[in-house]
Number of protein chains: 2
Amino acid sequence: MGADLKISARKRAEKIWAAYAKAQALRSTNQRTLICDIFLESTGHYTVDDLLAKVRARDPKVGYATVYRTLKHLVDANIARESNFGDTVTRYEFALDDQHHDHIICLDCHAILEFENEEIEILQDRIAEGLHFRLEDHRLELFGRCELAKTKKGCPRAKDKPGMPS
Amino acid sequence: MGADLKISARKRAEKIWAAYAKAQALRSTNQRTLICDIFLESTGHYTVDDLLAKVRARDPKVGYATVYRTLKHLVDANIARESNFGDTVTRYEFALDDQHHDHIICLDCHAILEFENEEIEILQDRIAEGLHFRLEDHRLELFGRCELAKTKKGCPRAKDKPGMPS
DNA sequence: GTAGTTGCAAAGTTTTTGCACTCTT
DNA sequence: AAGAGTGCAAAAACTTTGCAACTAC
C-alpha cells in the first residue's frame with residue numbers, strides 16, 4: 001500500500017469524521033481531537049491500552065472511558081474496525097469500508113499481516129446469496145505460523161501473549 | 001448434514017475424548033461425563049450459560065467452573081470450537097477438526113447458519129503459502145440480514161441481544 | 001491413601017456506566 | 001447558560017483461580 005493511498009485514505013477519513021461529527025452534533029474537544037489524530041495516524045491493530053498509552057504521551061490526563069467512547073464513535077462512523085484475533089482483547093484498526101482487508105495471524109509471534117482477495121469476496125457473496133442473506137460484512141482470519149516461526153530457533157518476535165485459538 | 005454423519009461424528013468424538021482423557025489421566029466423574037454428554041448431543045452454538053442451564057436441568061449442583069474447565073478440555077482435545085460472533089460472549093460448538101465449517105450470522109435475528117466451501121479453503125491455503133505461513137486454522141464469518149429480516153415486518157426472531165459488529 | 005476434581009467465592013480482565021465537574025457552543 | 005464531554009471510580013459481564021472438601025483410582 002503506497003503512501004499516496006494512505007494519505008488519501010486519511011483525508012477521506014477526516015471528511016467522513018467531520019460529517020459524522022456534524023450529523024451527531026459532537027463537540028470538538030481537545031481529547032477527542034487528540035484521540036482521533038493518533039488513531040488516524042496509526043497503521044496497526046491496537047488495543048484500547050495501546051491507544052491510551054499513545055494518547056497519554058501527549059496528554060497524561062486522558063481517561064480510559066474517553067478512549068472507549070471515542071472509538072465507539074469511530075466504529076460507528078465506519079472509520080474504525082473492531083477485531084479480536086482469537087483472544088479476549090478487542091483491537092481497533094483504521095479501516096474505511098471500501099478498504100476491506102482480512103488478516104493472517106502468526107500463532108507464534110502474533111504478527112498480524114493483512115491481505116486482500118477478490119476471489120474470496122466473490123465466493124462469499126455467492127454463498128450469502130445462496131442462503132438468502134443480504135451480506136453486510138465479513139471477517140476472515142487465518143491462523144498459522146510465519147516463516148521465522150518455522151525455523152528451529154522459532155520466531156524471534158515470539159512472546160507469551162494471551163491465548164490465541166489452539 | 002444427515003443423521004448418519006452426525007452419529008458417526010459423535011462416535012468419533014467419543015473415541016477422541018476417551019483417548020484424550022486417557023492421555024491426560026483425567027478421571028471420569030459424573031459431572032464431567034454429564035457435561036460431555038450434553039455437549040456432544042448439542043448441535044448449535046452455546047454459551048457457557050446455555051450449557052450450564054442444560055447441565056443443571058439434570059444435576060442442579062454443577063458449578064460454572066466445572067463447565068468452563070470441561071469445555072477447555074474439549075477444546076484442547078479438538079472436539080469443541082470456540083467462537084465469538086462479534087459480541088463478547090464465547091460460544092462453543094461441537095466440531096471435529098475435519099468437519100470444519102464457517103458461519104453466516106443474521107444481524108437482525110442472530111440466527112447462525114453453517115456452510116462449507118471448498119473453493120474458499122483452497123484460496124486460503126494459497127494465500128497463506130504466498131505469505132510463507134503454515135496454515136493451522138481459520139475463521140470466516142459472514143454478517144448479513146436473513147430473508148425474514150428483509151421483509152417489512154422484520155425478522156420475527158429478532159431480539160435485542162448484545163452488540164454485533166456494525 | 002494419593003492426587004485429580006468439584007463448588008464456592010474471590011479475584012482478574014475488559015468494557016460500560018453513573019455522577020459531579022468542565023468545557024464547547 | 002445549556003447540555004455535551006470528561007475523568008474517576010464503581011459496576012457489569014465474563015472467565016479464571018485458590019482452596020477446602022470430595023471422590024476416582
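Below, read A as the first sequence line, B as the second, and so on, with proteins coming before strands; counting in each chain starts at 1.
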List the atom pairs, donor and acceptor, that lie under 3.5 Å between side-chain atoms in residues 27-38 of chain A and the rest of the protein, sequence neighbours left out.
residue, atom, partner, partner atom, Å
A/T29, OG1, A/R32, N, 3.2
A/R32, NH2, A/R27, O, 3.1
A/T33, OG1, A/T29, O, 2.8

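Atom-to-atom, CG of B/L34 to C1' of C/dG7 comes out at 15 Å; the value is rounded to the nearest Å. For A/D59 and D/dT6, the CG to C1' distance is 11 Å, given to the nearest whole Å. Rounding to whole angstrom units, CG of residue B/D49 and P of D/dA12 are separated by 16 Å. Atom pair B/N84:CG and C/dT14:C1' shows a separation of 13 Å (rounding to whole Å applied). For B/D87 and C/dT14, the CG to P distance is 18 Å, given to the nearest whole Å.
Residue pairs satisfying the ring pair (Phe, Tyr, Trp, His ring centres under 6.0 Å) criterion with at least one member in residues 58-84 of chain A, sequence neighbours excluded, are listed as follows: A/Y20-A/H73.
Contact between B/R139 and B/D102 at its shortest, heavy atoms only, is C-OD1, 4.4 Å.
Surrounding CD of A/E129 are at most 12 heavy atoms belonging to other residues, nucleotides or ligands under 6.0 Å away.
Among the atoms of the strands shown, none is found under 4.0 Å from any heavy atom of B/T47.
A heavy atom lying under 4.0 Å from DNA chain C marks the following residues of residues 61-74 of chain A, by number: A/A65, A/Y68, A/R69, A/K72. For the contact set between residues 24-33 of chain A and DNA chain C, defined by any heavy atom under 4.0 Å, the members are A/R27, A/S28.
Between A/T88 and D/dT15 there is no side-chain N or O to OP1 or OP2 distance below 4.0 Å.
When the side-chain hydrogen bond (donor to acceptor under 3.5 Å, both in side chains) test is applied to A/E119, no partner is found at least two apart in sequence or on another chain. Applying the side chain to side chain contact (heavy atoms under 4.5 Å, CB included) rule to A/D125 yields the partners A/L135; only residues at least two apart in sequence or on another chain are considered.
Ionic pairing of B/R56 and B/D49 is not present here: no N-O contact between side-chain nitrogen and carboxylate oxygen is shorter than 4.0 angstrom.
Under the 4.5 Å side-chain criterion, counting only non-hydrogen atoms from C-beta, B/E136 is in contact with A/L107.
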